[in-house]
Number of protein chains: 2
Amino acid sequence: MSYENYHHENLKAELIKKGLKLLDEEGYENFSLRKVAKACSVSHTAPYRHFDSKDDLIMAIAIEAHHKFNQCLEEAVNKYPNDNKSQLKEMGYSYVKFFIENPEYLRLFFLSDFADNLKKMNHETCINEEQPFNTFYKAIERCQSEHQNGEGDSVDPNALALSCWGLVHGMAILIAKRDFSYAGDYLELVRKILWSGTFLNL
Amino acid sequence: MSYENYHHENLKAELIKKGLKLLDEEGYENFSLRKVAKACSVSHTAPYRHFDSKDDLIMAIAIEAHHKFNQCLEEAVNKYPNDNKSQLKEMGYSYVKFFIENPEYLRLFFLSDFADNLKKMNHETCINEEQPFNTFYKAIERCQSEHQNGEGDSVDPNALALSCWGLVHGMAILIAKRDFSYAGDYLELVRKILWSGTFLNL
DNA sequence: ATTATCATGTTAACACTGCAAACATAATTC
DNA sequence: GAATTATGTTTGCAGTGTTAACATGATAAT
């Protein structure tokens, strides 16, 4: 009993898809609801049947993008099923690579106003998405416990997590935004840093 | 022969000042030329006598903010006139502290579209501002040369610079944007990380 | 000194934006 | 079959960046 084209079959999904594309192509500042609507061949207020506001649509787009990101990180983990340290290094590498390949996601993930809203919302609704970095965080925790077993010296777990995460996060941003200029292959440089023996005490 | 109030004495400076304040108070997304103009008690097109566009004004504001930032970093350097490593650590600390205290500058510095424009512009005009991180970068170079003298092992200078800068940059962003949640004193944690003996091979 | 020019402001108008209200019609429920 | 819901359109408003036409204070040229 398929009603092909009720009005638009599945406008909500298409808005997200075309929105993500628009964001990629024209940048965050040039993103507009009306353009997305036009891309879907629909009136400029139609999106309001599916999203409360512009930020609401952007949030949906961001969640979609987060899925890609999480998938990317999980693939890295699966490469080394039994080696926590290698997992973390590979994830750090994928982390940087992801934002080099999708620089527009940086703004989408971290620096739009909605980012705060996303945090609030998820507290109430979908806990799954609350920490898009769950995978990353867990790997750090695993390394922490492993490391603490090894020696008596108490390494502050928070310090380890922050420095670990901060390093890849910072490198990703510096490279993606081209604030750090380097003649060679950036990803190779990152790989060298992460795989060096002294990387963050690991 | 001072003509107090030709029309406005020094509107350009006031636009930058009030603009910076507006940016601080209402955030990047809520910043508008018309609000700045109103804050200066002037018509909404008056800014166009001093700035080509909205981005042009924002850029001027950003340069102003960069001055504050550079000053902050230089003060850190001056604390340890003869100790390169301590300089770098203190700068890293100030780096993070600055963005914790001025979170709105994160967007202004790194994630607005204008950031790219700023880079282009400075290539042509004011080279001084091209690298707002000159101070930071130089300190890294000094540490590099010092370290390389010590041992024969060749530490890739680029790797050292990227990991060093990336670490503080990433921590600053994670903390300022509250992506990294921690019960204690963030700055104390950062201090611990930077002053730990194994910090980035230094 | 008068005149022309420049600097700095204002007002009017345009296209674009997010958003709300009133309306239309397909789909679903009772 | 009637009432209700879901999804779309049209209309309208306030706010935005930007341009053009105009006014006038300040400065330079003659």
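By convention in this document, chain letters (A, B, ...) are assigned in the order of the sequence lines, proteins followed by strands, and residues within each chain are numbered from 1. Computed from heavy atoms alone, side chains included, the values below leave out hydrogens, waters and symmetry copies.
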Visitor: Output one letter per nucleotide in nucleotides 11-18 of chain C: B when a protein non-hydrogen atom lies under 4.0 Å from the base, S when only the sugar-phosphate is that close, - when neither is.
Guide: BBB---BB

Visitor: Taking atom P of C:dA26 as reference, at what distance in whole Å does atom CG of A:Leu11 sit?
Guide: 17 Å

Visitor: When the distance from CD of B:Glu14 to P of C:dT8 is rounded to whole Å, what number comes out?
Guide: 15 Å

Visitor: Using atom CZ of A:Arg49 as one end and atom P of C:dA22 as the other, report the distance to the nearest whole Å.
Guide: 12 Å

Visitor: With rounding to the nearest 0.5 Å, note down the distance linking CD in B:Gln87 to CG in B:Asn78.
Guide: 8.0 Å

Visitor: So, using ring-ring contact (aromatic ring centres under 6.0 Å, His included) as the criterion, who are the partners of A:Tyr93 when residues are at least two apart?
Guide: none

Visitor: Could you tell me whether the side chains of A:Tyr95 and A:Trp165 share a donor-acceptor contact shorter than 3.5 Å?
Guide: yes

Visitor: Is any side-chain N or O of A:His50 closer than 4.0 Å to OP1 or OP2 of D:dG8?
Guide: yes

Visitor: Excluding sequence neighbours, so at least two apart, what forms ring-ring contact (aromatic ring centres under 6.0 Å, His included) with A:Phe51?
Guide: none

Visitor: Figure out the CZ/P separation between A:Phe51 and C:dA20, and round it to whole Å.
Guide: 16 Å

Visitor: Under 4.5 Å between any side-chain heavy atoms of A:Val190 and A:Ile175, yes or no?
Guide: yes

Visitor: Write down the distance between CG (B:Asp55) and P (D:dT16), rounded to a whole number of angstrom.
Guide: 16 Å

Visitor: Taking only residues two or more places apart in sequence, or in another chain, which ones meet A:Tyr186 in a ring-ring contact (aromatic ring centres under 6.0 Å, His included)?
Guide: A:Tyr182

Visitor: Mind calculating the distance between CG (B:Asn10) and C1' (C:dA7) to the nearest angstrom?
Guide: 14 Å

Visitor: Look only at the side chain of A:Asp83 and the backbone of A:Ser86, and say whether a donor-acceptor pair between them is shorter than 3.5 Å.
Guide: yes

Visitor: Please report the distance, rounded to the nearest Å, between OH in B:Tyr28 and C1' in D:dT16.
Guide: 14 Å

Visitor: Within the side chain of B:Glu104, is there an N or O that forms a donor-acceptor pair under 3.5 Å with the backbone of B:Tyr28?
Guide: yes

Visitor: If an axis is fit to five pairs at each end of the helix from C:dA1-D:dT30 to C:dC30-D:dG1, what is the angle between the two, to the nearest 10°?
Guide: 0°

Visitor: For A:Tyr80, which residues count as a ring-ring contact (aromatic ring centres under 6.0 Å, His included) partner, sequence neighbours excluded?
Guide: none

Visitor: Grab the CD-P distance between A:Glu29 and D:dT16 for me, whole Å please.
Guide: 16 Å

